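Encoded as structure tokens, here's the structure I'll be asking about.
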Protein chains: 2
Amino acid sequence: MLKTEEIVQIMSKQGLRITDQRRTLAKLFAESAGYLSPKDVYEYMCQHYSGLSFDTVYRNLRVMQELGALEQIMFEEGVKFKARCSEDHHHHHLICLTCEKTYPITFCPMKLTDVPDQFQVVKHKFEVFGYCKDCLATEAEGLSVPSSTAVEISK
Amino acid sequence: MLKTEEIVQIMSKQGLRITDQRRTLAKLFAESAGYLSPKDVYEYMCQHYSGLSFDTVYRNLRVMQELGALEQIMFEEGVKFKARCSEDHHHHHLICLTCEKTYPITFCPMKLTDVPDQFQVVKHKFEVFGYCKDCLATEAEGLSVPSSTAVEISK
DNA sequence: CTACCTGCAAACTTTTTGCAGTCAA
DNA sequence: TTGACTGCAAAAAGTTTGCAGGTAG
């Protein structure tokens, strides 16, 4: 996953101004293991910026995604974002259903897939969902609090 | 893909009343090769029922999905629906980006995937996107009209 | 200094809910 | 006949846009 400074660099190099808010956004995503919904982001950012408005969050999420700093994924519950993977080689993900943290899978099934009759492949998606070791352990302990996707970040 | 009567049966057996509108819905999905958004469905149904309201479409889509007659998938552009696959064995899909028609892939990569360290797999998704033979042919002919997802259905 | 960024307000899209009349079984 | 289904209206939720003042570079 990208580090705070890498995300800031991406924005800076593309001509974006690095405001306090955008730096905090970069830090939030750099230190979040899982996916964040616009609402998650808004609620987190509100703790640091009192007069924050939802539209600015949307604008920044969109810009950061268009610049390639963030990845956008559709879940059943709606859109979510996380920092782009820093690994440059093609890979897939295991995704924990509890904490939404992702783990890389190097294996790509595409090479082994028999594509029928003149179908021209453009892209593919291979995602594995389940429960990660940590969340299973937490559950086993009988703790009712799942590890949250939100993170504590010192501003 | 399920046939009209199969969809109607599913609804009927679960205690739903088979209204004219629901039968038409069943027929629409049975004869549609691709995915349909709520809007697509609404616009199609409007041609047959003048006073149709959007909320009824939503209600019926939700009910049919909960009964297992329809599959619901999130695309970048939003939710879409199509009739459940009638094949009973596990499979995946090639999805055409133009007409959104799907083609089955029997190969499942899950068996070959090395899952790390105590990750408990619950489900997986493997989808291949591209252009199908028909749409490629249409494009090659220089025709600007992509084969629509909507279908002509005699009421 | 200047163009970009932000908050505010409002519009817009998508989806859900309550209610009363209508209709399938 | 009766409970489920539908249309209408309105609300709720999610997202986008225009504008005027503020700020990074």
Side-chain angles (χ1 to χ4, degrees), chain A residues 4-5 7-28 35-67 69-70 72-81 155, chain B residues 4-5 7-28 35-67 69-70 72-81 155:
Chain A
T4 307
E5 278 314 309
I7 297 176
V8 170
Q9 282 309 310
I10 289 174
M11 293 196 283
S12 179
K13 275 181 187 162
Q14 312 254 359
L16 290 198
R17 296 201 174 154
I18 306 308
T19 62
D20 212 45
Q21 202 174 132
R22 282 184 177 156
R23 187 177 296 280
T24 306
L25 267 179
K27 200 163 186 179
L28 170 64
Y35 291 89
L36 300 175
S37 68
K39 200 176 192 174
D40 292 333
V41 175
Y42 175 70
E43 283 167 1
Y44 173 78
M45 294 294 285
C46 270
Q47 298 171 13
H48 298 265
Y49 304 91
S50 59
L52 185 70
S53 61
F54 230 122
D55 48 75
T56 304
V57 170
Y58 273 110
R59 273 188 283 237
N60 280 328
L61 287 177
R62 182 136 60 105
V63 164
M64 291 170 77
Q65 191 248 317
E66 283 168 357
L67 258 48
L70 299 185
Q72 177 182 331
I73 299 199
M74 297 296 293
F75 284 84
E76 312 265 311
E77 322 88 60
V79 229
K80 299 205 175 180
F81 297 84
K155 184 180 170 193
Chain B
T4 307
E5 278 314 311
I7 297 176
V8 171
Q9 282 310 311
I10 289 175
M11 292 196 284
S12 180
K13 276 182 185 163
Q14 311 255 358
L16 290 197
R17 297 205 172 150
I18 307 308
T19 61
D20 212 45
Q21 201 173 132
R22 281 183 177 157
R23 188 176 296 280
T24 306
L25 267 180
K27 199 164 186 177
L28 170 63
Y35 291 89
L36 301 175
S37 67
K39 199 174 193 173
D40 292 335
V41 176
Y42 175 70
E43 282 168 1
Y44 173 79
M45 294 293 286
C46 270
Q47 299 171 13
H48 298 264
Y49 305 91
S50 59
L52 184 70
S53 60
F54 229 124
D55 48 76
T56 304
V57 170
Y58 272 109
R59 273 188 283 237
N60 281 328
L61 287 177
R62 181 137 59 106
V63 163
M64 292 170 76
Q65 190 247 319
E66 282 168 357
L67 258 49
L70 299 186
Q72 178 183 331
I73 299 200
M74 296 296 293
F75 284 84
E76 314 264 314
E77 323 87 59
V79 230
K80 299 204 173 178
F81 297 83
K155 182 179 169 190

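Labels below follow one simple rule: chain letters A, B, ... track the order of the sequence lines, proteins then strands, and each chain is numbered from 1. Computed from a prediction, not measured in an experiment: that's the story for all the values here.
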| message | My understanding is that only residues two or more places apart in sequence, or in another chain, count here; which of them pass ring-ring contact (aromatic ring centres under 6.0 Å, His included) with F54(A)? | response | Y42(A), Y58(A)
| task | Would you kindly say whether T56(B) and Y49(B) are connected by a side-chain donor-acceptor distance under 3.5 Å? | result | no
| In whole angstroms, how far is the C1' atom of dT6(C) from the NE2 atom of H48(A)? | 18 Å
| said: Just checking E76(B): does its CD atom have more than 12 heavy atoms from other residues, nucleotides or ligands closer to it than 6.0 angstrom? | reply: no
| task | State, with a plain yes or no, whether a side-chain heavy atom of Q21(B) is found less than 4.5 Å away from one of L52(B). | result | yes
| said: In this structure, how many angstroms lie between the P atom of dC5(C) and the CZ atom of R62(A), rounded? | reply: 13 Å
| Between CE of M64(A) and CG of L25(A), what distance do you get to the nearest 0.5 Å? | 5.5 Å
| task | Kindly compute the distance separating CD (Q65(A)) from CD1 (I73(A)), expressed to the nearest 0.5 Å. | result | 10.5 Å
| How close or far is atom P of dT13(C) from atom CG of D40(B), stated in whole angstroms? | 16 Å
Polar-atom pairs under 3.5 Å, protein N or O versus N or O of nucleotides 9-11 of chain C: list them with distances, or write none.
| unit_1 | atom_1 | unit_2 | atom_2 | d |
| --- | --- | --- | --- | --- |
| dA9(C) | N6 | D55(A) | OD2 | 3.1 |

| What residues form a salt bridge (charged side-chain N to carboxylate O under 4.0 Å, His left out) with R59(B), not counting sequence neighbours? | D55(B)
| query | So, E5(A) and R23(A), do they make that salt bridge, N to O below 4.0 Å? | reply | yes
| remark: The side chain to side chain contact (heavy atoms under 4.5 Å, CB included) partners of L61(B) (sequence neighbours excluded) come to F29(B), P38(B), V41(B), V57(B), L70(B), F81(B)
| query | Is there side-chain contact between T24(B) and Y44(B), with heavy atoms separated by less than 4.5 Å? | reply | yes
| message | Taking any atom closer than 4.0 angstrom to a non-hydrogen atom of chain A, what span of DNA chain D does the protein reach, first nucleotide to last? | response | dG14(D) to dG25(D)
| query | How does each nucleotide of nucleotides 19-25 of chain C score, in 5' to 3' order, for protein heavy atoms under 4.0 Å: base (B), sugar-phosphate only (S), or none (-)? | reply | -----BS
